[in-house]
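See below for the structure under consideration.
Labels below follow one simple rule: chain letters A, B, ... track the order of the sequence lines, proteins then strands, and each chain is numbered from 1.
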Amino acid sequence: MDIIAINDESFLIQFKNEISLDIHMKVKYYYSFIKENLRLKSCVSGYNSILVKYDILNDSFVDIKNKINSLDYKVKKKETKRKIVYIPVCYDEEYAVDINRVSKHNNLDIKEVINKHTSKEYLVYMIGFTPGFPYLGGMDESISTPRLDVPRTKISKGSVGIGGEQTGIYPLDTPGGWNIIGKTPVSLFDAKREIPSLLEMGNYIKFEEITKEEYIEIEKEVLNNTYQIRIEVK
Amino acid sequence: MSSVLVLEPGLLTTVQDLGRESSQEFGIPVSGVMDLESMYLANALVGKDLNSPVLECTYLGPSLKFINNMSIAITGGDLSPCINGIQVDNNQTITIKANDILSFKGLKNGLRAYISFSDDLVCDFIYDSSSTYLKASFGGYKGRKLRKNDLLDFSENNFNNSYCISPIKKDNNIIRIMKSFEYEAFEKESVDKFLNSKYKLSNDSDRMGMRFEGHQIKHISSADIISSPIVPGTIQIPKSGQAIIMMKDAQTIGGYTRFGSVITCDLDKLAQLKPGDEIEFSLIELKEAQEIKKAWLKEIKEKTSLDYSKKNTRSFRAVINSKYYDIKVEEI
């Protein structure tokens, strides 16, 4: 674990360079400790890092560093209950502008890419990037594809993408560098809700392939507030 | 109640304050003003809490009609403000009379001007801030930039004083940065060139990120990292080698290798750059960065510690050499 100053009022706690359940548990542990005990300006978690902002006039970086370093982390027992949220996705070419790039890069045909993408349950490691955006772990390595060399200035809301070893869904129109392989009509972010994000750290999601007709149907239901998202607790 | 009618909205005029620190875990960016010093000075000039919402005006300023009397101040870039067509200066309290029209004749200096009001603006306060987050359409004035015929409402304060504050002197073309631990991902020769070249701000720049044209930084291998939180000022370098500095509306998490981060004081300088402007980067360490910040905070405190005690004054407005001046006569 390293604690590194980023600028005059922030630092990053950097754990081992991997995406794994073990590191996720460690991040959750340190994140909870900092939020509950240190009362600093802000605290944001990543897959394997935590960014903390402090008040330069009231907090000493050295003191905070020492407090965090003195924590005794013991590996926790793995949680047994899973909340799985099912996300419907249309993988038709019209919504999947980069699916060819992913299939070519990995020497698979498009159908295989879709099968591999929909066959797993993904852990939501964190919410970030834009409001409601879930960072997911557990993607099949055989569909990993590097991010675009030049990120796009606009990717439309609901797009499902692959960036390196990661997969995720864009809840809003934003710039981004991920390979777009499908689209969901479901809304991942709503500013009118007290908790604006549909998903949270620790949930699991599963992608379900739908047809274009089903996409249009669900899109209507979401607009009318009648769509019921399927959730399972295992 | 007092009101202001938007006659012309300007290019991008939004309500902003300090921004949102506590909702980044939902992926909501900090937002807030791009030029913090200018917001602080503008609010001090009208007797407001330094973190009160202001209008951030970009490039082309708005045209506003004041329905009631109040005081305002304009700070930051010089967009050539005028009251009823007559030139007025930045960095001072301006006494506004009912039916006055504030307009801007065009960009002279900088890029963003800030308008503060002595009365309290009624706006959407969401997740601890009045700042407008444009991408998700919430906060500030209906979650969007101002449009023609919008009506801004205020609750009245009784403010009657006048001040001038001169902004902190700074070298706008040197941007000081602290290097990231991912520094080793870049070719050394390329890094040296980065620190010794001029960079031009590209047109592809906004409140989310500022792109710079110049020497492209070469990676030793991958440009991707495991996604990790960022702060405004973080410099991301995708494979193309073009530096992107993440700003106030930037995504909370980034996935490209980072060169480093701009020190917080120098974000104000970036806020006043327009496409085509040139800068150079200068590498400094944490200790110096913190000393700079502490000195900046001290200077802001000194400049904004004004005497707000009510005085027995009468105000007049005079046009001298084609410029408006507020004149306050105090009985002693």
Is the closest side-chain heavy-atom distance between [X] and [Y] below 4.5 Å?
X: A/Asp8; Y: B/Trp296; result: no
X: A/Pro196; Y: B/Phe138; result: no
X: B/Ile253; Y: A/Phe133; result: no
X: B/Ile28; Y: A/Phe189; result: yes

Legend entry - Any pair counted as ring pair (Phe, Tyr, Trp, His ring centres under 6.0 Å), so long as it reaches residues 231-251 of chain B, sequence neighbours left out: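 Pairs touching residues 231-251 of chain B that pass the test: none.
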
Can you say whether [X] sits under 4.5 Å from chain B via the side chain, the backbone, both, or neither, judging by heavy atoms?
X: A/Met126; result: side chain
X: A/Asp173; result: backbone
X: A/Glu200; result: neither

Just checking heavy atoms, which of [range] are less than 4.5 Å from chain B?
range: residues 152-169 of chain A; value: A/Thr153, A/Gly164, A/Gln166
range: residues 51-64 of chain A; value: A/Leu51, A/Lys53, A/Tyr54, A/Ile56, A/Leu57, A/Phe61
range: residues 135-148 of chain A; value: A/Tyr135, A/Pro146, A/Arg147, A/Leu148

Inset, instruction - Decide whether B/Thr264 and A/Asn7 meet the rule of one side-chain donor and one side-chain acceptor closer than 3.5 Å. - result: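 No, because no side-chain N or O of B/Thr264 sits under 3.5 Å from a partner of the opposite role on A/Asn7.
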
Legend entry - Proximity breakdown for B/Leu297 and chain A, heavy-atom pairs closer than 4.5 Å: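 Side chain of B/Leu297 only, per the 4.5 Å heavy-atom cut-off to chain A.
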
Inset, instruction - Pick one of side chain, backbone, both or neither for B/Ser227, based on which atoms fall under 4.5 Å of a heavy atom in chain A. - result: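 Answer is both: backbone and side chain atoms of B/Ser227 are under 4.5 Å from chain A.
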
